[in-house]
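One structure below.
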Protein chains: 2
Amino acid sequence: MDKLFQALASAPRREILDIVRDAPGCSVTHVCRYFDVSRIAVMKHLAVLEEARLLVSEKQGRTRRLYFNATPIQMIYERWTTEFSAMWAGRLTEFKRRVEGDKT
Amino acid sequence: MDKLFQALASAPRREILDIVRDAPGCSVTHVCRYFDVSRIAVMKHLAVLEEARLLVSEKQGRTRRLYFNATPIQMIYERWTTEFSAMWAGRLTEFKRRVEGDKT
DNA sequence: TCAATAGGTAACCTATTAGTTACCTATGAA
DNA sequence: TTCATAGGTAACTAATAGGTTACCTATTGA
């Protein structure tokens with residue numbers, strides 16, 4: 001979970017996700033065209049995204065094909081809605097407690 | 001957005017959110033009881049969470065009262081579902097393209 | 001009033017992150 | 001076959017994150 005949020009906590013990396021999502025099977029070089037930093041820097045971002053399972057890749061000849069993987073996002077999405085519900089449940093409990101005049 | 005994801009990319013910080021959500025208006029010291037690290041370390045986590053607007057605080061006497069703020073989470077939630085839809089839309093487009101025999 | 005309590009600031013240390021350059025490997029096309 | 005291309009590895013640097021201790025300020029209650 002840490003790695004997932006960590007991977008998403010970077011605008012360039014979120015941009016890479018958009019790029020790969022919109023060009024499934026694209027190469028590393030393709031992604032590099034969108035950035036001013038070195039290829040190595042981009043590859044490090046790719047590694048972070050792959051560790052978070054947000055990208056998967058397969059080697060085809062001398063090029064590495066990149067694919068976006070929505071699964072961890074689905075996980076976050078589901079976990080998130082649950083957490084979100086719990087948060088509001090917590091707030092409602094607090095509200096109820098206050099309304100009923102309980103002491104803090 | 002970076003600060004928000006960054007703030008969430010740490011298990012202790014997510015735990016702090018849970019603690020404050022479940023004890024609205026609690027003190028810094030209260031939060032510290034749940035962790036083995038120094039109070040200063042906890043306060044730094046609190047600062048990160050406040051920068052991400054996930055916590056708000058008010059000073060009352062010599063104690064600082066902490067409150068969970070769901071607003072940024074709602075923002076993520078909404079942005080996220082949108083992004084999520086877009087991702088699936090992207091995948092569907094790709095699928096359609098393949099089915100229709102278009103070239104890569 | 002004065003000591004205990006709650007919190008804040010400063011200075012420092014270490015590990016991680018994000019970038020760089022230099023160099024290496026493997027594939028594919030002329 | 002050989003050279004341009006796509007990618008990978010290593011070693012280094014600068015900035016940031018996350019922790020520490022020491023010390024300071026302000027409130028509150030006995």
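Computed from a predicted structure; not experimentally measured. Each chain gets a letter, A, B and so on, in the order its sequence line appears, and its residues count up from 1.
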Just compare [options] and give me whichever is closest to any side-chain atom of [X].
{"X": "B:R62", "options": "D:dT28, C:dT21, D:dG7", "result": "D:dT28"}
{"X": "A:T63", "options": "C:dG7, D:dA6, C:dT20", "result": "D:dA6"}
{"X": "A:I40", "options": "C:dG8, D:dG19, C:dT20", "result": "C:dT20"}
{"X": "B:K44", "options": "C:dT20, C:dG8, D:dT20", "result": "D:dT20"}
{"X": "B:S38", "options": "D:dT21, C:dG8, C:dG19", "result": "D:dT21"}
{"X": "B:R64", "options": "D:dG19, C:dG8, D:dG7", "result": "C:dG8"}

* Check step by step if side chain to side chain contact (heavy atoms under 4.5 Å, CB included) holds for B:I19 and B:F35. => CA-CA 11 Å; B:I19 292 165; B:F35 299 95; 3.8 Å; yes
* Answer with base, sugar-phosphate or nothing: what part of the nucleic acid does B:T29 contact at a heavy-atom distance below 4.0 Å? =>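 Here B:T29 touches the backbone only, sparing every base.
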* Asked: When we call it a touch if two heavy atoms are under 4.0 Å apart, what does A:S10 touch: a base, just sugar-phosphate, or nothing?
  -> nothing
Rounded to the nearest angstrom, tell me the gap between atom [atom1] in [X] and atom [atom2] in [N].
{"X": "B:L46", "N": "D:dA17", "atom1": "CG", "atom2": "P", "result": "16 Å"}
{"X": "A:M43", "N": "C:dA22", "atom1": "CE", "atom2": "C1'", "result": "14 Å"}
{"X": "B:Q60", "N": "D:dT28", "atom1": "CD", "atom2": "P", "result": "9 Å"}
{"X": "B:Q6", "N": "D:dG18", "atom1": "CD", "atom2": "C1'", "result": "11 Å"}
{"X": "A:H30", "N": "D:dT5", "atom1": "NE2", "atom2": "P", "result": "19 Å"}
{"X": "B:E58", "N": "D:dT27", "atom1": "CD", "atom2": "C1'", "result": "16 Å"}
{"X": "B:L66", "N": "C:dA6", "atom1": "CG", "atom2": "P", "result": "14 Å"}
{"X": "A:F5", "N": "D:dA17", "atom1": "CZ", "atom2": "P", "result": "18 Å"}

Got a second to check how far [X]'s [atom1] is from [Y]'s [atom2], nearest 0.5 Å?
{"X": "B:L8", "Y": "B:R14", "atom1": "CG", "atom2": "CZ", "value": "7.5 Å"}
{"X": "A:R65", "Y": "A:C26", "atom1": "CZ", "atom2": "SG", "value": "8.5 Å"}
{"X": "A:L55", "Y": "A:I16", "atom1": "CG", "atom2": "CD1", "value": "7.5 Å"}

* To do: Give a yes/no answer on whether the side chain of A:H45 brings an N or O atom under 4.0 Å of OP1 or OP2 in C:dG19.
  => yes
* To do: Let me know, please, whether B:V48 or A:R39 comes out on the 5' side of the other along DNA chain D by nearest nucleotide.
  => A:R39
* Taking C-beta and beyond as the side chain, do A:E58 and A:V56 meet within less than 4.5 Å on heavy atoms? -> no
* Residue met sooner reading DNA chain C from 5', once A:V37 and A:G61 are mapped to nucleotides -> A:V37
